[in-house]
Amino acid sequence: MNPYMLSKIFIITILVSFVGCKSELQQQPNVLIILTDDQGYGDIGINGNPEVDTPNMDAFARQSVQLHDYHAQPVCAPSRAQLMTGRPALEVGVWGVHAGRDYLNLDETTIAEVLQQNDFPTYMIGKWHLGKEDPYLPEMRGFDEAWVQRNLYAHQNPEVKHKGELLTPEGWTVDYFTDKAIEIMTTNTDTPKFLYLGYPQIHKPYVAPDSLIQKYINRGHPGSVASIYGITEQLDQNLGRLFSALEKSGQMENTLIFFIGDNGPIWNNAPENNSGIPQLPEAEKARNPLNFSGVKGRLRENGHRTIGFVKYGNRFTPRIENQMVDIADVFPTILDVTNISMPDSAKQLYGQSILPVLEGKRVERDQYFYYANHEVLWQERPYQYAFLKDKNQLKFEEQELAIRKGKYKYVQGYFGKKLYDLDADLQETEDVSEAFPEVRTELEMRLKNWWEKKVIQESNSYDMPEFYLGMGLKDSTYIHGEAPWEVFGDIITTSHSTDNWTKNGDGQSFKIIVKKFGVYEFNMDAEVGDGIGKVQVSLDKVRTSYPVTEINEIPLVTKPLTPGEYMLELKLVDVKGSSKPVIKQFNGLVVRKVAG
């Protein structure tokens, strides 16, 4: 064969190989996770609520596999941790909501990281709630771009952090996030992409257009309930816009969509039942059409069983699916559908792929599912957000935990230990411990073994976060006051601050990791009280103090720091005899790199 013909054959071979690779890439689906906030199982028409109008959600559900037995954790941050890692929240550093308990451990692998490593463009929009500063934020957890809402639960005029800059769009938050999602999903359609869309709806405050709220008032609902239905319908309208855009752009057919909730409905002045478990009030009973027990935050079905719908073009037969699914199953299912393997260095997943379930197969899961309340308890705990000095204070018997296998669910806490047969008693009204003592014993021992061996033995479980300097997109960071490494004296730790700095020695410390050399300036953000005293700052063998009247006006310390680990300590000194707080509320520290 002459050289010219050999050259043509070689070129054709290369072209065929290139086209084949491109075709294989295009066969990968887009992946879209839509996670709503506090939308319970009954906060949608198709699940039996006749009062709220959700035509777009209902239409999507009818085209999907409807996961009747889908579960998250009973509160938002732990659910998001399991979604992103495919692992139990208590094992990945997320053990509550706010107060520093909602920072995802940095050694965990997220679904975004795995997809990013396999050439998926990755995007995140909305509520993150797994850490407030770099490197905990999405753009350092596997997302190429993220639009993260900073003022959580602001349903109008959101503050959005994007590439280190703060954006302040005007208008409805849900509209802005939907517009951004449509833009991402309908551009550059030749390349499969991953979008995690975390709507803040329908979390309190229940704010919606007046016309929607009035619509439900006109139907006879009190204003409080009309507002809930109004914000739900506003979410539905935006999902309709998103689904329509996917259809018109041709992307619906090639997009794997998980439309799921993060927990059950929050209580609104909820009454308790005979077991002391809060329930939705009578005016909201349509939100709980199956009469589940409990509400958000409680380890009953209405706390963690929520909406779950999965669609991938026409590949899955639309139907109601009764096999149990956990939010941690989303991660491995995405890997299964995209034929991507976990990195060898990643930790073992807790979730399992539900692709066979979605395809209509019966799967016997020999697996235990664990649930935890966000209120960690110990004998001396004086209030909800009290600082946990040592996790060895915690005892298994004092924790509010649950475990499920098959039809049996064991719950401890809430005035006792109980076993439920969910096949016979979905409303969890009858404790069957006496009828099935061996089942209760086995589940309790499994739960105890998991908590003591997997959770407590995890090196950084129940820890406060470390704060990083010289890392991320900006030369500044915010060290959050509600996340101290240690507390001193009698200060009060709350969900978003520490309060009541009153006497000598009151204060707190932070663990700081410096990644890049620089000169760093530390500025205090606090509300000064009526007491008189000074704040003493200790950092890397440097100790200074300032009158409390000056702490918001001048840098507390400006110091060159080399890469390494530091403890920053703040304490009151020279307090003049008064019972009035010197610092009423400490919010945190603004840290700026000013040189280097």
Side-chain angles (χ1 to χ4, degrees), residues 98-100 132-133 380-390 393 463-469 476-514 518-562 564-595:
H98 307 309
K132 294 182 177 180
E133 303 296 330
E380 303 83 8
R381 191 189 85 154
Y383 54 91
Q384 179 179 354
Y385 287 112
F387 183 76
L388 176 63
K389 294 182 179 180
D390 182 354
Q393 295 174 257
D463 264 357
M464 287 287 110
E466 302 166 340
F467 290 95
Y468 286 72
L469 305 182
S476 65
T477 194
Y478 193 89
I479 296 176
H480 291 262
E482 74 274 11
W485 195 256
E486 292 181 274
V487 300
F488 311 115
D490 297 321
I491 69 171
I492 297 172
T493 50
T494 76
S495 59
H496 292 88
S497 64
T498 58
D499 300 348
N500 200 45
W501 297 35
T502 303
K503 59 182 178 56
N504 284 322
D506 281 357
Q508 64 190 82
S509 67
F510 299 99
K511 188 175 182 180
I512 295 173
I513 309 296
V514 176
V519 179
Y520 293 91
E521 176 185 276
F522 294 77
N523 297 270
M524 200 163 185
D525 175 14
E527 181 181 347
V528 175
D530 295 327
I532 300 173
K534 294 181 178 180
V535 174
Q536 177 180 277
V537 186
S538 301
L539 175 63
D540 191 30
K541 302 179 182 179
V542 173
R543 180 172 293 176
T544 58
S545 62
Y546 298 91
V548 71
T549 53
E550 300 178 8
I551 59 175
N552 287 325
E553 301 173 3
I554 60 174
L556 294 180
V557 62
T558 303
K559 190 178 187 325
L561 296 174
T562 57
E565 182 179 305
Y566 299 85
M567 294 302 299
L568 171 65
E569 187 176 285
L570 307 171
K571 285 185 178 180
L572 289 184
V573 296
D574 296 337
V575 175
K576 307 304 180 186
S578 170
S579 60
K580 297 179 180 179
V582 178
I583 296 177
K584 187 177 181 180
Q585 179 175 301
F586 171 57
N587 300 310
L589 295 162
V590 179
V591 186
R592 297 183 180 91
K593 185 180 179 184
V594 295

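Residues take their numbers from the sequence shown, with the count starting at 1.
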*asked:* Between His480 and Glu133, do the side chains contain a donor N or O and an acceptor N or O under 3.5 Å apart?
replied: yes

Nearest heavy atoms of [X] and [Y], plus distance in Å:
{"X": "Asn587", "Y": "Glu482", "answer": "O-OE1, 4.1 Å"}
{"X": "Met567", "Y": "Ser509", "answer": "CE-OG, 3.7 Å"}
{"X": "Val582", "Y": "Val528", "answer": "O-CG1, 3.6 Å"}
{"X": "Asp574", "Y": "Lys534", "answer": "OD2-CD, 3.5 Å"}
{"X": "Thr502", "Y": "Ser579", "answer": "CG2-O, 3.5 Å"}
{"X": "Val573", "Y": "Ser545", "answer": "CG2-CB, 4.3 Å"}

Pairwise side-chain contact, [X] with [Y], heavy-atom cut-off 4.5 Å (strictly under):
{"X": "Lys593", "Y": "Leu469", "result": "no"}
{"X": "Leu561", "Y": "Ile512", "result": "no"}
{"X": "Trp501", "Y": "Leu570", "result": "yes"}

Spacing of [X] atom [atom1] and [Y] atom [atom2] [to the nearest 0.5 Å]:
{"X": "Arg592", "Y": "Thr477", "atom1": "CZ", "atom2": "OG1", "result": "11.5 Å"}
{"X": "Ile583", "Y": "Asp506", "atom1": "CD1", "atom2": "CG", "result": "9.5 Å"}
{"X": "Gln393", "Y": "Arg381", "atom1": "CD", "atom2": "CZ", "result": "12.0 Å"}
{"X": "Lys132", "Y": "Ile479", "atom1": "NZ", "atom2": "CD1", "result": "13.5 Å"}
{"X": "Lys571", "Y": "Lys503", "atom1": "NZ", "atom2": "NZ", "result": "10.0 Å"}

*Report the C-alpha separation of Tyr478 and Asp525 in whole Å, then their side-chain angles, then the decisive distance to 0.1 Å, and conclude whether the side chain to side chain contact (heavy atoms under 4.5 Å, CB included) test is met.*
CA-CA 10 Å; Tyr478 193 89; Asp525 175 14; 2.6 Å; yes

*Does CD1 belonging to Ile513 count more than 12 external heavy atoms closer than 6.0 Å?*
yes

*Under 30°, 30 to 60°, or over 60°: which ring-plane class applies to Phe510 and Phe586, parallel, tilted or perpendicular?*
tilted

*What do the steps show when you test Val575 against Ile532 for side chain to side chain contact (heavy atoms under 4.5 Å, CB included), and what is the final call?*
CA-CA 6 Å; Val575 175; Ile532 300 173; over 6 Å; no

Going by atom type alone, with no hydrogens or angles, which donor-acceptor pairs under 3.5 Å involve a side-chain atom of residues 536-544 and a protein atom two or more places apart or on another chain?
from, atom 1, to, atom 2, distance (Å)
Ser538, OG, Arg543, NE, 3.2
Asp540, OD2, Lys559, NZ, 3.1
Thr544, OG1, Leu556, O, 3.4

_Under 3.5 Å: donor-acceptor pair, side chain of Asn500, backbone of Lys584_ = no

*Which pairs count as ring-ring contact (aromatic ring centres under 6.0 Å, His included) when at least one residue sits in residues 521-550, sequence neighbours excluded?*
none

Please list every donor-acceptor pair under 3.5 Å in which a side-chain atom of residues 487-495 meets a protein atom from a residue at least two apart or in another chain.
from, atom 1, to, atom 2, distance (Å)
Thr493, OG1, Tyr383, OH, 3.4
Thr493, OG1, Tyr385, O, 2.5
Thr493, OG1, Phe387, N, 3.3
Thr494, OG1, His496, N, 3.4
Thr494, OG1, Ser497, N, 3.1
Thr494, OG1, Ser497, O, 2.8
Thr494, OG1, Ser497, OG, 3.1

